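For reference, the structure discussed in these notes is given below.
We use all heavy atoms of the structure for the numbers below, so side chains are in, but hydrogens, waters and symmetry mates are not. Fair warning: this is a prediction, and the values are worked out from it, not measured in the lab.
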2 protein chains.
Amino acid sequence: MGITKSQIFTKQQNDLAQFFKVLGHPARVAILQYISEQNSCICNDLVEEIGLAQATISQHLKELKSIGLLKGEIEGKSMCYCINIDRWNDIQNHLNSFFNNTKQNCC
Amino acid sequence: MGITKSQIFTKQQNDLAQFFKVLGHPARVAILQYISEQNSCICNDLVEEIGLAQATISQHLKELKSIGLLKGEIEGKSMCYCINIDRWNDIQNHLNSFFNNTKQNCC
DNA sequence: ATTATATATTGCAATATTACGATAATAGAG
DNA sequence: CTCTATTATCGTAATATTGCAATATATAAT
């Protein structure tokens, strides 16, 4: 045991949970906030700013990319990671639909 | 290692990540949706509906309670778990603030 | 070509999460 | 009180996540 039984849930439930899960780590919240505050957003800045090892930051960036929230462009010898605004709005809308549809029948 | 370094993040970041994390499992998404669709919402229904063991459902309910999303009332010999609508709206607002404040500077 | 800089990947240890059987606790029915 | 039904908790196994050092990869500068 220990494995999440994804197969007993709908794709919508699994996708929704996946979005929430990726956002469910303070480092990834902090990364998104920091990128949003900066004009440049290379990974090395994040390492200094956030205080986790470079390998760890790189791993968190990979997870944010996995749901399409970040896009990275090579810029000289560093990377420019930026928020994918279309995907950002798309996910926000999904989450709001879930919140709005799931608040009936309170006792 | 393996422990999340909560101490290097702000309370706001940790709280936000905690909300996302609790919602980041398909069983908990499914539980919330099911409770919202029913008039009664006792745990035993959930076990049959969702298809996880009773102990597992109970554990997921506990996590949803931990962020205040559910309130449970004893009703006869069973429990009536319901969505705490004030908390629900409160958390939705928090998440939307995060989304709205964190979408600047896209390249 | 060599060196320096920036990011990604690999491998591993520590911790957390998921799931379930067994058992405890609680409340109503008889 | 005893039995049954419902939910919570405990203990444990399996899997996932977090974090980092070491290493690989890639590009720019010299």
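Judged purely by distance below 3.5 Å, without hydrogens or angles, the side chains of Q92(A) and N96(B) pair a donor atom with an acceptor atom. Between N44(A) and Q54(A), the side chains place no donor N or O within less than 3.5 Å of an acceptor N or O (distance only, hydrogens not considered). Under 3.5 Å, the side chains of N101(B) and Q33(A) contain no donor-acceptor pair of N or O atoms.
Taking every heavy atom of residues 13-21 of chain B and every atom of DNA chain C, pairs under 4.0 Å involve K21(B), by number. Across residues 25-32 of chain B, H25(B), R28(B) each have a non-hydrogen atom less than 4.0 Å from an atom of DNA chain C (numbered order). For residues 49-59 of chain B, proximity to DNA chain C is found at L52(B), A53(B), A55(B), T56(B), Q59(B), defined as any non-hydrogen atom under 4.0 angstrom from a strand atom.
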Contact list (N/O, under 3.5 angstrom) for nucleotides 24-30 of chain D vs protein:
none

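Each end of the helix from dA1(C)-dT30(D) to dG30(C)-dC1(D) yields a helix axis from five base pairs, and these two axes differ in direction by 20° (to the nearest 10 degrees).
Under the ring-ring contact (aromatic ring centres under 6.0 Å, His included) criterion, F9(A) pairs with no residue at all, not counting sequence neighbours.
The backbone N or O of V22(B) lies less than 3.5 Å from a partner atom in the side chain of R28(B), making a donor-acceptor pair.
Between the CG atom of L70(A) and the C1' atom of dA8(C) there is a distance of 15 Å, given to the nearest Å. If you measure from atom CG of D45(A) to atom C1' of dT5(C), you get 13 Å, rounded to the nearest angstrom. Rounding to whole angstrom units, CE of residue M79(B) and P of dT26(C) are separated by 13 Å.
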